[in-house]
Amino acid sequence: MITLYNTLAREKQEFKPITPGVVNMYVCGITVYDYCHIGHARMVTVFDMVSRWFRESGFQVNHVRNITDIDDKIIKRATENGEPIGALTERFVAAMNEDFDALGIIRPDHEPRATDHIDGMQSIISKLFDRGLAYSAPNGDVYYSVRKFQGYGKLSRKNLDDQRAGERVEIDTNKQDAADFVLWKHAKTDEPGEVKWASPWGAGRPGWHIECSAMACHHLGEHFDIHGGGEDLQFPHHENEIAQSEGAHGSQYVNYWLHNGFINVDNEKMSKSLGNFFIIRDVLAKYDAEVLRFFILRAHYRSPLNYSDVHLDDAKNALTRLYTTLKTVPAADVVIDWVEPHAARFKAAMNDDFATTEAVAVLFELALYANKHAASAEGAQAAGLLKALAKILGLLQRDPESYLQAGASNSEWTADKIEAAIIARKEARASKNWAESDRIRDELTAAGIVLEDTAQGTTWRRE
RNA sequence: GGCGGGGUAGCAAAAUGGUUAUGCCGCGGCCUGCAAAGCCGUUUACGCCGGUUCGAUUCCGACCCCCGCCUCCA
């Protein structure tokens, strides 16, 4: 039995699929106008982990993650760059895929793009008009009349009358109510033709929220199991999605809402204005992608996660321990026996709202056991189980030696040169010339290369 | 102002009414030519004040502090 924290209910609930054995899940993806940051990395890693666990648990998973390829920021950036919208978005879709692939994210089953679903959006807007929930404003925009939708605020638990409308942002006088949101934006004369679509309400382009209602409905139907995204999307985005989809279809939209916590820097939310913003590729230039994945998964998905080099160093050292174990103790081929105590605890943790923190702790306990029994079949079995369980989290699947020796490709110390130094040191040691052997080792240490003398000979790794 | 999340050892991060979380770092020991790795051990942990209880970090109440959403945002 899998339980998950449902934002809609504000409590953990047992997961009951609409169709037995099937999980239909929609996750809000990226707006492609810039490189993805580590907050995006957390979001996709978390829902990748969720998909993997459902699959491991025997479910058929339909994982949909959209790509927002039309919006104000995209238009602005394309204009600044003097390039077509399509060229800009294609470039950043490619960059996104590179980054996510590096993180070991399994591609979602569908990655719909907003611009391919304009018809679906218009269809929903028409239904909203039919039901009296949409109206055309004097300026040509189409708005959703929030107060006419009963249950508005049920996800974010916001009471319309308690909001301080207009306190931070000036109220658009075209709206009948400050809380109303745009469904369709009328075309502006200075906008390029590629952002204008014909519609019953005049040429224009969709509002932000409507795309997810349309794409989710297209791939998963009017009613599906899980909808995920970053916690900031809870309001207004997800609240508005509910209003649109349930308003248009007259039935429940989503059973379980999952929201991942943010990555913070110095305990504050990352934001460009604070200048504490980190894009994935900059981090990957400094740290192995698996370190970043491990860093994300060792925390619980709903907790805030502080980012800094110190924390990544910590994660890196911890991951090195695991890989070192697998290097030292050959992993046996293991079919997971879920009754085995470690495996059972791993499963119980994952079933409990994806408690990867506890699952990772089990990994370390297996490493300890494997190290203690390194020479025996028990040890190989434990190492094998460690690797098998880690696979579910998308971790520890590389050749340990390769992982430990990776990086520093720009170093003058190539593998060949290191091997040569090790041979020279071996000769010095054979003649008990400790001064020379230590000199060689110190030289390597200074270059960030650690030597380890074992019964089977000397091995090396990069720090 | 409304709504929500949180304060755990040097750092990071979980669970839990009484029993070792886990990892990193530091320190001591074993091992080693010396190291590294590994193993063993180790550093007054639970924001503050009351209450319930045989017993609370863990439940209840008050208080202090931090963070998020209420605007585009993962």
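Hydrogens, waters and symmetry mates play no part in the numbers below; they use all other heavy atoms, side chains included. Order of the sequence lines fixes the chain letters, A, B, ..., with proteins taken first and strands second; residue numbering starts at 1 for each chain.
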Task: Parallel, tilted or perpendicular: rings of A/Phe235 and A/Tyr152 (30°, 60°) - done: perpendicular

TODO: Quick one: sort the A/Phe149 and A/Tyr144 rings into parallel, tilted or perpendicular, breaks at 30° and 60°.
DONE: perpendicular

Task: Spacing of A/Tyr35 atom OH relative to B/A74 atom C1', expressed in whole Å - done: 19 Å

Task: Sugar-phosphate only, base, or nothing, as touched by A/Asp453 at under 4.0 Å among non-hydrogen atoms - done: base

Task: Residues that A/Lys391 engages under side chain to side chain donor-acceptor pair (under 3.5 Å), provided they are two or more places apart - done: none

- [ ] Report yes if at least one side-chain N or O of A/Arg157 is closer than 4.0 Å to OP1 or OP2 of B/C70; otherwise report no.
- [x] no

Open item on the list: Between the base of B/A74 and the side chain of A/His37, is there a donor and acceptor pair under 3.5 angstrom?
Closed with: yes

- [ ] Determine yes or no for a side-chain-to-main-chain donor-acceptor pair under 3.5 angstrom, with A/Lys196 supplying the side chain and A/Gly204 the backbone.
- [x] no

Open item on the list: Counting only side-chain nitrogens and oxygens, does A/Asn371 get under 4.0 Å of the OP1 or OP2 atom of B/C39?
Closed with: yes

TODO: Check whether the side chains of A/Asp69 and A/Thr115 place a donor and an acceptor atom closer than 3.5 Å, and report yes or no.
DONE: yes

Task: Integer angstrom distance from the C1' of B/C30 to that of B/A37 - done: 14 Å

Open item on the list: I'd like the P distance from B/C60 over to B/G5, given in whole Å.
Closed with: 13 Å

Open item on the list: Taking the P atom in each of B/G7 and B/C46, what is the distance between them to the nearest angstrom?
Closed with: 13 Å

- [ ] Using a 4.5 Å cut-off on heavy atoms from C-beta on, say whether the side chain of A/Ile296 contacts that of A/Ile38.
- [x] no

TODO: Side chain of A/Glu231 only, please: which of B/C24, B/G68, B/A74 is the nearest?
DONE: B/G68

Task: A/Tyr369 and A/Glu378: side chain donor to acceptor below 3.5 Å - done: yes

Open item on the list: So that I can compare with my own list, what are the stems of RNA chain B, taken as at least three consecutive Watson-Crick or G-U pairs with distances under 3.5 Å?
Closed with: B:1-7 with B:64-70, B:10-12 with B:22-24, B:26-30 with B:38-42, B:49-51 with B:59-61

Open item on the list: Under 3.5 Å, is there any donor-acceptor pair linking the side chain of A/Lys269 to the base of B/C67?
Closed with: no

Open item on the list: Categorize A/Gly153 for me: base, sugar-phosphate, or nothing, with a 4.0 angstrom heavy-atom threshold over every strand shown.
Closed with: nothing

Open item on the list: If we count only N and O atoms by modelled type, under 3.5 Å, do the side chains of A/Asn62 and A/Tyr26 hold a donor and an acceptor together?
Closed with: no

Open item on the list: Less than 3.5 Å apart, any donor N or O on the side chain of A/Glu239 or A/Ser156 sitting next to an acceptor on the other?
Closed with: yes

- [ ] Evaluate whether the aromatic ring of A/Phe262 and the six-membered ring of the B/G68 base sit under 5.5 Å apart, centre to centre, with an inclination under 30°.
- [x] no

TODO: For A/Ile440 and B/G33, give me the distance from atom CD1 to atom P, rounded to whole Å.
DONE: 17 Å

Task: A/Leu368, nearest nucleotide to its side chain (from B/C3, B/C40, B/C67) - done: B/C40

Task: B/C49 to B/C11 separation - C1' atoms, rounded to the nearest Å - done: 29 Å

Task: Interatomic distance at C1', B/G23 relative to B/G17, whole Å - done: 27 Å

TODO: Return the value, rounded to whole Å, for the distance between atom CG of A/Leu312 and atom C1' of B/C25.
DONE: 16 Å

Open item on the list: What's the gap between B/C63 and B/A13 when it is taken at their P atoms, as a whole Å value?
Closed with: 28 Å

- [ ] Give A/Gln234 one of three labels, base, sugar-phosphate or nothing, depending on what nucleic acid heavy atoms sit under 4.0 Å from its own.
- [x] nothing

Open item on the list: Please determine whether the number of non-hydrogen atoms from other residues, nucleotides or ligands lying under 6.0 Å from atom NZ of A/Lys417 exceeds 12.
Closed with: yes

TODO: Give A/Lys327 one of three labels, base, sugar-phosphate or nothing, depending on what nucleic acid heavy atoms sit under 4.0 Å from its own.
DONE: nothing

TODO: Look at the side chain of A/Arg441 against the base of B/C34 and say whether a donor-acceptor pair falls under 3.5 Å; ignore hydrogens and angles.
DONE: yes

Task: Among B/C67, B/A36, B/A37, the one nearest A/Thr324 by side-chain distance - done: B/A37

Task: Rounded distance in Å - CZ (A/Arg425) to P (B/A35) - done: 13 Å

- [ ] Give a yes or no on whether a donor-acceptor pair under 3.5 Å exists between the nucleobase atoms of B/C70, that is its base, and the side chain of A/Asp232.
- [x] no

TODO: Return the value, rounded to whole Å, for the distance between atom CD of A/Glu241 and atom P of B/A74.
DONE: 14 Å

Open item on the list: Return whichever of A/Cys28 or A/Thr325 has its heavy-atom-nearest nucleotide of RNA chain B closer to the 5' end.
Closed with: A/Thr325

Open item on the list: What is the distance, to the nearest angstrom, from the CG atom on A/Asn264 to the P atom on B/G5?
Closed with: 17 Å

Open item on the list: Whole angstroms only, please: what is the CG-C1' distance between A/Asp438 and B/A36?
Closed with: 12 Å

Task: Base-contact (B) and sugar-phosphate-only (S) positions in nucleotides 7-22 of chain B, heavy-atom cut-off under 4.0 Å, - elsewhere - done: -----SSS------BS

- [ ] Using the C1' atom on both, measure B/U58 against B/U16 and round to a whole Å.
- [x] 6 Å

Open item on the list: Regarding B/G33, can its base be found pairing with the side chain of A/Arg429 as donor and acceptor, where the two atoms are less than 3.5 Å apart?
Closed with: yes

- [ ] If the plane angle is over 60° it's perpendicular, under 30° parallel, otherwise tilted; pick one for A/Phe54 and A/Phe354.
- [x] perpendicular

Open item on the list: Within the 4.0 Å heavy-atom criterion, would you say A/Gly230 contacts the bases, only the backbone, or no part of the nucleic acid?
Closed with: sugar-phosphate

- [ ] Consider only side-chain N and O atoms of A/His259 and A/His238, and report whether a donor and an acceptor are under 3.5 Å apart.
- [x] yes

Open item on the list: Mind checking if A/Leu233 touches a base, just sugar-phosphate, or nothing, with heavy atoms under 4.0 Å?
Closed with: sugar-phosphate

Open item on the list: Can you measure A/His40 atom NE2 to B/C72 atom C1' for me and round it to whole angstrom units?
Closed with: 12 Å

- [ ] Check whether any side-chain N or O of A/Thr356 sits under 3.5 Å from a backbone N or O of A/Ala299 as a donor-acceptor pair, and report yes or no.
- [x] yes

Task: Any A/Lys372 side-chain N or O less than 4.0 Å from OP1/OP2 of B/C40 - done: yes

- [ ] Select from A/Thr328 and A/Ser156 the residue whose nearest nucleotide in RNA chain B is closer to the 5' end of that strand.
- [x] A/Ser156

- [ ] Can you tell me, in whole Å, how much space there is between the P of B/U32 and that of B/A14?
- [x] 40 Å

